[in-house]
Structure formats: C-alpha cells, structure tokens
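First comes the structure, then the notes that go with it.
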Amino acid sequence: MTVLLFILGVLFVAVGIAVSIALHEVGHLVPAKAFKVRVTQYMIGFGPTMFSRRRGETEYGVKALPLGGYVSMVGMYPPNAADETDGTVRSSSTGMFQQLATDARSAAAEQLQPGDENRVFYNLPIWKRIIVMLGGPFMNLVIGVVLFAVLLMGFGTAQSTTTLSEVNQCVITSDQAAQGQTECTDADPAAPAYQAGLLPGDTITEFNGSPVTSWEDLSSRIRDAAGQSVPITYVRDGVEHDTVITPLLTERPVAGDDGAPAVDDAGNPVTQEVGFIGVAASTELVRQPGSEVLPAVGENLSSIAGVILNLPQRVVDVAQAAFSSEERDPNGPMSVVGVGRIAGEISSMEEVPVESRVATLVGLVASVNLALFVFNLIPLLPLDGGHVAGALWEGLRRRVAKLFKRPDPGHFDLAKMLPLTYAVAILLMGMSALLIYADIVKPVSLFN
C-alpha cells in the first residue's frame, strides 16, 4: 500500500507539472495567434515527436523528452539590415559565431511563406512581443495563485489547536535530550500534565479561570505560571472536567524565527527557564480568507527569488553534498526527480490524514509554478526573460536614436546572441544533470 501511495504522489505532481508546462506554452500561443503571428508548432517536450496533429497552420504534439516545451513562431530572428530590401539572407560570415547567426537566419527564412511579411514575430510592435513572451510566465503565476487559493481557502493551513496530541509521562531536560535520553527513568520527575490526569485527545478550554483562545495563548500562560498551582478545565469525550496543574520551572529550547531551535554564535542551543507541563498540540487544517492568498504567494515568490539570486552558490553547495558526506540543504534547488521523491514521501505517510497529504501536494505544484514564473524572468536567452530584454533593448535604441535625430537602428538581431544562448543552454543542462544526480544519490528528505 505504501509503494502504491508513493507512486500516486509522484504521478499527481508529474501530471501537475506537465499540465503547468502545457499551459505555459498556451500563454505564448494565445497572444501570438491573437496578434496574427503564424505559429508553426506547439510542442510539449523535446526530441523525437511521439504524437502530433495539425490543426490549421499549427502542428500540436508531444515529444519524447518531457523536459519542457516550446511554441515555434515564424520570424523569431530578423534578417540583416542589408538583407531586408529583398528578403534574401546573404552569407558573408567568416567566424564561427557569425556563421551561427547566419545559419539561424537562413533557417528562419526557410519557414517564411508568401503572405508572411506582416505575420513575422520581429515585425510586431515591441509591446506586443513582450506580451507574447511574458504570456508563458504569467500563466505559471496565475496557476500558482489559483492553487494557493485552493490550498488556503479550500483546504486551509495546519495550525496548532488546544487539543492534546501527546502527554509526556516525565520531564526530560535539554541536557538529557542532548545526551540521547528519550525514555523516562525513575529518577525523572513526573510531567505536570500526566500528574494532573490529562490524556491525548483532551481539549483544554480554560486555564487559571480564563477561557483559552488558542494554543499560542495557552503556551504563553503556561510559561508564565511556573511554580503556581492553577485550575484547568478540559473536555474529554464531550464531558467537561476540572483539575489543578502546577507547571514546572524548567529549561526549554528557544525557537527561532523559522520555528527551528535557535542557536547562539557558537552554535549552541539557546534555552530559557519557563513553565512546562509536558504536552504537545494536535494540528488541524483551518481555512483562510481570500485576503491571505496574495501575501502567501508574495512570501513564496520572495523565497524563490532568494534561491535564484544565489543560484550559482546553491548549485556549488549541491555539488559538494553530492560528492561528499555533507548533507543537502532542504531549502536548496531540486530537479523534477527530487520534487517527485518529496511528493511520493508525502503521499505515503499513512499516519497523516488524506486531506493534509493532498493539500501538501497541491502546495508543492503551486510552488513549482511560482518557481517557473520567477526562473523564466531571468533576462538571459533562451529563457523568456532574455527575449523580453532583447525587445526592451531594441525599443531603447530606437528611442535614443529618435531623440538625437539619428537613423533608425532597426531590429535588434537576436541571432547574434546565439553563442551566449547556447552557453546558457549548456549551463542549464549541466545544472539539471547535476541536480538529477544529486537527487538520486543524496536526496533531500523533509521528514527525517
């Protein structure tokens, strides 16, 4: 059963990513057709074509390698200024890089048909070219926002409740825990909650005569009541009970901003003496209002942007972990293999309610879409942001020329950027290969 659930989790995320890629390309396809550009191909994947069907002037299909997709439009590369008078692409290149540009222009010219003069991509106004190229990332952003809305408003977020999931029998100090002690001994003092008769499943409703509004409220009042005998009210199986509890003054770890135990500059755990009764809260999904969706999306985008801004160092860290005994950073980059593995682990956790597992998988697909949105905005070819940067540079050149009454410099020749494009593509493929290897030999596990 666990293996089946693992496979189902992987399939859920795989289908979600495949649909996201397909819709990303739709984001390019729709505005291109709306602006009358002739679109020759809409393909999901790369490599040999597995299936295709032609509808009108566009071939729609699926290719063998599910590593992305593309929309092919006529006129992606403009001809040389000298060639624009008769449309002939002349080869006068002597260097390898110039030959790459010439070959690209020749291939683009071979796609042209009579009547395409006003349907080529490079003849679109700059603002239309930007809309076409941003259509794909924008689609990923929309998908991410919709999925976050489903996650927060439909499923909710996991929040601690005043219902107890665990009641400790004894008090184990931080030093004892650091030494590996996990079981109670006769020398360990009994935990106040256990002494008071509390059991897992009890819901605490009042503490020291005042209603309890949340787990955070209860925790704060317990910490402040060290050494005091206070009345407590709880509900068990629908019946209300009263008892008295005396929180112990004990040294407990201090949580950092990320929820993990805080450490000082020397790497030692930070602790403080507070009241302690020895219980843990259960969690439940609490639906959030629509006003929480965009802040959650913004927080996710900020986190993703931070990873991408430090991507070279992050990739180096992954390489060091993959080829050494170092641990992987769970917040570092992962390949689709790593994402699939995490999805499988989530799905196979039978002790977690199905609703919570599905919610986590939905959140995973939402985060992947937001990552695709941010990554595709990087202003480097062959990414969408590179085409947008080229269009903006062309517009700037023309505006400056007009301002100083100079001749129109014409189209910005993206074909001349092909050497850089190939270099970036090779780096991206190398990074993908490294991440896939690392996700196989040194996978990230969020549940150790």
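Quantities reported herein were computed from a predicted structural model and do not represent experimental measurements.
Open room surrounds OH on Y194; 12 or fewer heavy atoms of other groups in view lie less than 6.0 Å from it. Other residues, nucleotides and ligands contribute more than 12 heavy atoms inside 6.0 Å of the CZ atom of R236.
A296 and L152 get closest at one heavy-atom pair: CB-CD1, 3.7 Å. For the residue pair D384 and M133, the shortest heavy atom distance occurs at CB-O, 3.5 Å.
Listed for the R287 side chain is no donor-acceptor partner under 3.5 Å among the backbone atoms of G156. K128 places no side-chain N or O within 3.5 Å of a backbone atom of N123 that could act as its donor or acceptor partner. When atom types are taken as modelled, the side chain of R357 and the backbone of S347 share a donor-acceptor pair closer than 3.5 angstrom. With hydrogens and angles disregarded, a donor-acceptor distance shorter than 3.5 Å links the side chain of T40 to the backbone of S72. At least one donor-acceptor pair closer than 3.5 Å links the side chain of D439 to the backbone N or O of S335. Proximity of a side-chain donor or acceptor of R129 to a complementary backbone N or O of L124 within less than 3.5 Å is detected. The backbone N or O of G344 lies less than 3.5 Å from a partner atom in the side chain of S348, making a donor-acceptor pair.
Checked against ring pair (Phe, Tyr, Trp, His ring centres under 6.0 Å), Y60 has the following partners two or more places apart in sequence or in another chain: Y42.
Using the six-membered ring where Trp is involved, Y70 and F46 have ring planes that are parallel, under 30° apart on the 30 and 60° scheme.
The one candidate from L370, V368, L309 that meets the side chain to side chain contact (heavy atoms under 4.5 Å, CB included) condition with I304 is L370. Applying the side chain to side chain contact (heavy atoms under 4.5 Å, CB included) test between L164 and each of I204, L199, I277 identifies I204 as the sole match.
Between the side chains of S282 and T163, no donor N or O sits under 3.5 Å from an acceptor N or O.
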